[in-house]
Asker: 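One structure, pasted below without further comment.
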Amino acid sequence: MPPKGKKAKNGKSADSSSTPGEASTAASLEPFPPAEPGPSTSTAENKPKGWTVFVQSQIFFDITQPPTPTWIDRSVLEGKGGAEAAALWLAPRLAVTHRLFYPNELGKVLGPKSQEEIWKAVNNSPTFPLRVIKRRQKAQSFGIDSRGREVGTYTLPEFEAREERRIKLSCLLLLSNRFSELRDRERRGFDKSVVVTEQEYLEEKARRKEMAQLQKKLYGTQGMAKEGKLALDPEWDDVTPIKLEEPEKALAAIAYTADYAEAMSYLRAVMHAKEYSPRCLKLTEYIIEMNPAHYTVWLYRAANIFALKLSIPDEFVWLNAVALENLKNYQIWHHRHLLVENYWPVIASDPRAIAKFAEDERDFLTKILAEDTKNYHVWSYRSYLVGKLNLYSDPEELQSIEDMIDADVRNNSAWSHRFFLVFLDPKNSSPGVPATQPDSKVPGHLVDREIAYAKEKIELAPQNQSGWHYLRGVLAKGARPLTSVEEFAASFVVGLGEGENEDVRSTHALELLAESYIGKEEPEKADLCFSRLAEKWDRIREGYWEWLRQQS
């Protein structure tokens, strides 16, 4: 303000000589209210509510960039116009500048006389209204956060929290770089005292995970240096993943998940390098969890196990759990097949080891067949295992199958496996003879035993075809005619063709009788059997029975 004194009072006041607009402009010289005496008010908690980063930045700019008078006569700047014009230009500039930055020190810079002259020139000049233009800083961006929000719109507490995250990220990055340096020194082997422990690996893994979370919060996925489970694992730092490049605008592009695509890119890299290591084994397990049907991964896993000479029984333990979770997966059983082939030379000369392995496998197969009794892959593997371990005459294997038939006499898969055990045993069969053809090497007592067994089970479920098909197979192997069981089949057919007295408990028995009559050259009886099947007992296959009638 102008210095108080006699001459100042005689001059025109700012209120009497200026317009309302000029008065308001003068008031605008104060960029913000003066601070109250007391503690510092610079903390975010003491700022006005809603004070943003943009607001504070503009205030700091205004403080460091003083206002400038609107009127600048170029003749003054060029030294023309005389002392009065120069004073008119200089007076408001000094007054405004010192009011902003040295409000209490104007008297130290200029003497009382000089101050009076300045304010006299300012107040009395009719040609120089005191108006100022604030120099506004150009629009400045403080960056965009992960949600697309301009950082400049943050309140001060929000901005301070963001800065804390940035500082924390910087500290973690320093620690991570230190870990990478130590690990590189260890790999080079120049300093034997440098050893990176497993605990340090785990700490770095957790650290990278935290860094990724902070980067995502601060900058979104675009600002992340690394993204993905394996990319953040220090164990895979030395591997450059090979990504699958899909053709542009492919008609049937596969929509891989991010984790699966990343894992496969690392798998391609280690397979290309022909690396066999524990980490590769863990990688295959990770991929199998996501896609257990990927046969290439299973083959590579087997190659790792054999190359590293790992324990086959341990692999079986892991594989059993996977198989129970994926009952219909063929790759699992092919992998199991490869394991047995690799394990067999180890136990081939040890009968006890073979018996123990057979028992373990049988227990597991019983467990998995309880979940899916007709799983083709399991039965196929079981047949292979019997042949590999020579379990044809193993009483426990036969008893296991009998238990399954007792539990479900309609289990045709169990019936088929029993036939395989009994009639494809190298001790009781001739090589090269088809399963449905007679074999002179099959003992007669074995045929009698199996005929009696089939009859016993047929009695439990006469209309179930599994037992009848087994009986026919036994008769064929033993070169026995159907007439040998004609009496047994006839026990399920009463009063054929006798109207209300007719009762057929098994259409399979009636069919067997018809074929038996054809073998005995009794076409009338065979024709009656086929007629009754077509007309009453199996009308769904009427056309088939009529065709057989014509053939007979």
Side-chain angles (χ1 to χ4, degrees), residues 146 176 201-202 204-217 219-308 310 314-339 368 371-372 375 377:
S146 59
S176 182
Y201 262 100
L202 294 176
E204 173 64 11
K205 193 172 181 179
R207 184 161 48 239
R208 291 188 181 185
K209 189 173 182 180
E210 186 177 4
M211 288 167 60
Q213 292 173 348
L214 287 171
Q215 286 175 324
K216 195 169 185 178
K217 286 181 179 179
Y219 313 114
T221 55
Q222 298 298 324
M224 297 179 66
K226 290 184 177 181
E227 185 179 10
K229 180 178 178 180
L230 299 178
L232 297 175
D233 191 338
E235 189 175 15
W236 294 96
D237 282 352
D238 61 320
V239 176
T240 301
I242 301 176
K243 295 183 178 180
L244 176 63
E245 298 295 338
E246 289 274 11
E248 202 172 322
K249 296 182 180 180
L251 292 177
I254 302 175
Y256 295 115
T257 63
D259 288 342
Y260 184 75
E262 182 203 33
M264 287 303 302
S265 67
Y266 279 86
L267 180 72
R268 294 185 198 98
V270 293
M271 289 183 68
H272 179 73
K274 297 181 179 176
E275 177 185 337
Y276 304 109
S277 63
R279 72 175 181 180
C280 293
L281 198 66
K282 289 192 293 185
L283 177 60
T284 62
E285 183 175 347
Y286 176 50
I287 296 175
I288 287 170
E289 287 178 0
M290 294 186 284
N291 181 14
H294 200 310
Y295 61 89
T296 302
V297 180
W298 283 104
L299 292 174
Y300 185 59
R301 180 176 181 86
N304 271 271
I305 292 171
F306 303 149
L308 299 174
L310 301 180
D314 289 347
E315 179 68 3
F316 274 116
V317 172
W318 174 83
L319 188 61
N320 290 351
V322 178
L324 287 170
E325 292 294 325
N326 302 274
L327 298 176
K328 296 294 187 181
N329 187 299
Y330 168 73
Q331 284 75 19
I332 290 174
W333 299 99
H334 182 263
H335 183 67
R336 202 176 194 94
H337 183 112
L338 294 178
L339 293 178
I368 199 167
E371 299 290 333
D372 184 4
N375 190 314
H377 304 310

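Position 1 is the first residue of the sequence; numbering continues from there.
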Asker: To the nearest 0.5 Å, what is the distance between NE2 on H334 and CG on L299?
Answerer: 6.5 Å
Asker: Distance-only, no hydrogens or angles: does the E371 side chain make a donor-acceptor pair with backbone N or O of L324 under 3.5 Å?
Answerer: no
Asker: Any side-chain heavy atom of R268 sitting closer than 4.5 Å to one from L244?
Answerer: yes
Asker: Which residue pairs pass the salt bridge (Lys or Arg N to Asp or Glu O under 4.0 Å) test when at least one of the two sits in residues 321-339, sequence neighbours left out?
Answerer: K328-D372, R336-E361
Asker: From N304 CG over to L310 CG, what is the distance, rounded to the nearest 0.5 angstrom?
Answerer: 8.0 Å
Asker: Side chains of L283 and V270: does their closest heavy-atom pair fall under 4.5 Å?
Answerer: yes
Asker: Sequence neighbours left out, what passes side chain to side chain donor-acceptor pair (under 3.5 Å) with R207? Give chain and number order.
Answerer: E204
Asker: Locate the shortest heavy-atom distance separating P241 from A269; write the atom from each residue and the value.
Answerer: CA-CB, 4.2 Å
Asker: In the structure I gave you, are the side-chain heavy atoms of P234 and R208 within less than 4.5 Å of one another anywhere?
Answerer: yes
Asker: Any idea which heavy atoms bring T284 and L281 closest together, and the distance?
Answerer: OG1-O, 2.6 Å
Asker: Go through the structure and list residues passing salt bridge (Lys or Arg N to Asp or Glu O under 4.0 Å) with E210, not counting sequence neighbours.
Answerer: K168
Asker: Do other residues, nucleotides or ligands put more than 12 heavy atoms under 6.0 Å from F306 CZ?
Answerer: yes
Asker: Within this structure, what is the NZ-CE distance for the pair K243 and M264, rounded to the nearest 0.5 Å?
Answerer: 14.5 Å
Asker: Could you list the residues that satisfy salt bridge (Lys or Arg N to Asp or Glu O under 4.0 Å) with E235, not counting sequence neighbours?
Answerer: K282
Asker: Y286: which residues meet the ring pair (Phe, Tyr, Trp, His ring centres under 6.0 Å) condition with it, sequence neighbours left out?
Answerer: none
Asker: Please collect all salt bridge (Lys or Arg N to Asp or Glu O under 4.0 Å) contacts where either partner lies in residues 290-301, sequence neighbours excluded, each pair once.
Answerer: R301-E315
Asker: Tell me, please, which residues at least two apart from H337 pass ring pair (Phe, Tyr, Trp, His ring centres under 6.0 Å).
Answerer: Y384
Asker: Not counting sequence neighbours, which residues clear salt bridge (Lys or Arg N to Asp or Glu O under 4.0 Å) with K209? List them please.
Answerer: none
Asker: Rounded to the nearest 0.5 Å, what separation is found between the CG atom of L267 and the CD1 atom of I287?
Answerer: 4.5 Å
Asker: Does H294 have any ring pair (Phe, Tyr, Trp, His ring centres under 6.0 Å) partners at least two apart in sequence or in another chain, and if so, which?
Answerer: none
Asker: With sequence neighbours excluded, what pairs up with K205 under the salt bridge (Lys or Arg N to Asp or Glu O under 4.0 Å) test?
Answerer: D233
Asker: Are the ring centres of W298 and H335 closer than 6.0 Å?
Answerer: yes
Asker: Can you list the residues that meet the ring pair (Phe, Tyr, Trp, His ring centres under 6.0 Å) rule with Y260, with sequence neighbours excluded?
Answerer: Y256
Asker: For residues 271-278, which side-chain N or O atoms pair as donor and acceptor with protein atoms under 3.5 Å away, sequence neighbours left out?
Answerer:
unit_1	atom_1	unit_2	atom_2	d
E275	OE1	R279	NH2	3.2
E275	OE2	S277	OG	2.7
E275	OE2	R279	NE	2.8
E275	OE2	R279	NH2	3.4
S277	OG	C280	N	3.4

Asker: Provide the closest heavy-atom pair for Y266 versus V239 in the form atom of the first, atom of the second, distance.
Answerer: CD2-CG1, 3.8 Å
Asker: Specify the closest pair of heavy atoms between N326 and P292, including all atoms of both residues, with the distance to one decimal.
Answerer: OD1-CG, 3.3 Å
Asker: Please name the pair of heavy atoms, one in S176 and one in M211, separated by the smallest distance, quoted to 0.1 Å.
Answerer: CB-SD, 4.0 Å
Asker: First locate atom CG of L338, then atom CD1 of I305, and finally report the distance between them rounded to the nearest 0.5 Å.
Answerer: 9.5 Å
Asker: I need the D237 CG to L232 CG distance, nearest 0.5 Å.
Answerer: 9.5 Å
